[in-house]
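Below: the structure, in structure tokens.
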Amino acid sequence: MATLHTNTPTRFSARAGTYLAAVVANLFVGVVAWNENRKTRQALGNLTEVQLNDIGLTRSDINKIT
């Protein structure tokens with residue numbers, strides 16, 4: 001007959017959980033920042049040359065937004 005020991009300690013500690021939560025949070029923040037920059041580049045790309053000049057930008061400046 002096979003037995004299952006349910007009281008054995010796991011290798012996943014609370015500190016590892018905190019580390020994992022920090023990694024996930026940093027990943028989320030990075031994705032949000034990337035998406036905001038993408039939307040900014042898209043909005044600026046829809047402006048005319050005159051409008052870009054009014055705010056002191058050129059088309060090449062749009063690509064520098066990271």
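Two residues are said to be in side-chain contact when any heavy atoms from C-beta on lie closer than 4.5 Å; Val23 and Tyr19 meet this criterion. Under the 4.5 Å side-chain criterion, counting only non-hydrogen atoms from C-beta, Leu52 is not in contact with Thr58.
Criterion: ILVMFWY side-chain heavy atoms under 4.5 Å apart, direct or through other members. Under it, Ile65 and Trp34 are not part of a common hydrophobic cluster.
Of the possible polar contacts, one joining the Arg59 side chain to the Gly45 backbone as a donor-acceptor pair under 3.5 Å is found. Panel note: side chain Gln51, backbone Thr48; a donor-acceptor pair is recorded below 3.5 Å.
Of the inter-residue distances, the one linking Ile55 atom CD1 with Asp61 atom CG reads 9.5 Å to the nearest 0.5 angstrom.
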